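Below: the structure, in structure tokens.
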Amino acid sequence: QAQLVESGGGLVRAGDSLKLSCSASGNTFSNGAMGWFRRAPGKEREFVAAISRGGDSVYYADSVKGRFSISRDRAENTMSLQMDSLTPEDTAVYYCAAAPGAANTGRTMGIWKIYRYWGQGTQVTVSA
């Protein structure tokens with residue numbers, strides 16, 4: 001059973017940092033792009049960051065560029081999102097997503113439709 005499990009969410013103050021992790025199992029997720037999305041209360045799902053299957057291409061939403069950093073360990077089938085300088089606007093449920101076999105790079109990794117597998121999400125709350 002293919003599964004993605006997020007961890008690392010929590011309650012922090014504005015300016016703090018958090019690191020989210022995504023653990024993948026049950027499928028060869030290492031051969032495709034992976035990404036992070038988020039959904040804030042009352043808002044639609046929003047792309048955050050993505051990384052290509054080889055790890056050589058990354059893409060960020062403008063709202064997090066320069067503050068967030070995505071990485072992956074293909075051997076361990078894991079992905080991380082380092083989030084710095086958090087603001088209350090970053091408050092949301094963060095979802096890990098995987099697109100096995102997807103060779104997408106650049107901004108095409110920001111299209112949610114390429115992702116076939118999704119985690120259950122982890123809550124990130126940033127207080128002012």
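This one's a predicted model, so the numbers in the text were calculated from it and none came from an experiment. Each residue takes its place number in the sequence, starting with 1.
- Atom OH of Y60 is separated from atom CZ of F47 by 9.0 Å, given to the nearest 0.5 angstrom.
- The same ILVMFWY cluster, assembled from side-chain heavy atoms under 4.5 Å apart, contains both Y94 and Y117.
- Side-chain atoms of N31 never come within 3.5 Å of backbone atoms of P100 as a donor-acceptor pair (strictly under, hydrogens ignored).
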Going by atom type alone, with no hydrogens or angles, which donor-acceptor pairs under 3.5 Å involve a side-chain atom of residues 119-128 and a protein atom two or more places apart or on another chain?
from	atom 1	to	atom 2	distance (Å)
T122	OG1	G9	N	3.2
Q123	NE2	A92	O	3.4
Q123	NE2	T125	OG1	3.3
S127	OG	V12	O	3.3

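- When hydrophobic clusters are built by joining Ile, Leu, Val, Met, Phe, Trp and Tyr residues whose side-chain heavy atoms come closer than 4.5 Å, directly or via intermediates, I114 is not grouped with V58.
- Atom OH in Y95 sits 13.0 Å away from atom CD in E46 (nearest 0.5 Å).
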Cut-off 3.5 Å, no hydrogens considered: what does the side-chain donor-acceptor table look like for residues 64-72, sequence neighbours left out?
from	atom 1	to	atom 2	distance (Å)
K65	NZ	D62	OD1	3.1
R67	NH1	S85	O	2.9
R67	NH1	D90	OD2	2.8
R67	NH2	S63	O	2.9
R67	NH2	D90	OD1	3.0
R67	NH2	D90	OD2	3.4
R72	NH1	G32	O	2.8
R72	NH1	S52	O	2.9
R72	NH2	F29	O	3.1
R72	NH2	G32	O	3.2

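- Side-chain contacts under 4.5 Å among hydrophobic residues (ILVMFWY), followed directly or transitively, place V5 with no other residue at all.
- Legend: disulfide (SG to SG under 2.5 Å) pairs involving residues 50-94, not counting sequence neighbours: none detected.
- The stretch residues 102-117 participates, sequence neighbours left out, in no salt bridge (Lys or Arg N to Asp or Glu O under 4.0 Å) pair at all.
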Could you list the donor-acceptor pairs under 3.5 angstrom formed between side-chain atoms of residues 73-84 and any protein atom two or more places apart in sequence or on another chain?
from	atom 1	to	atom 2	distance (Å)
D73	OD1	A75	N	3.1
D73	OD1	E76	N	3.1
R74	NE	S30	O	3.1
R74	NE	R53	O	3.1
R74	NH2	S30	O	3.3
N77	OD1	S30	N	3.3
N77	ND2	N27	O	3.4
Q82	NE2	D84	OD1	2.9
D84	OD1	S17	OG	2.8

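- Identified under the disulfide (SG to SG under 2.5 Å) test for residues 47-100, with sequence neighbours left out: C22-C96.
- Looking at residues two or more places apart in sequence or on another chain, you find no side-chain hydrogen bond (donor to acceptor under 3.5 Å, both in side chains) involving Y115.
- Qualifying side-chain contact (heavy atoms from CB on, under 4.5 Å) partners for W112, counting only residues two or more places apart in sequence or in other chains: F37, R45, W118.
- Pairs passing the salt bridge (Lys or Arg N to Asp or Glu O under 4.0 Å) check and including a residue from residues 15-35, sequence neighbours excluded, do not occur.
- Annotation: salt bridge (Lys or Arg N to Asp or Glu O under 4.0 Å) contacts of E89 (sequence neighbours excluded): none.
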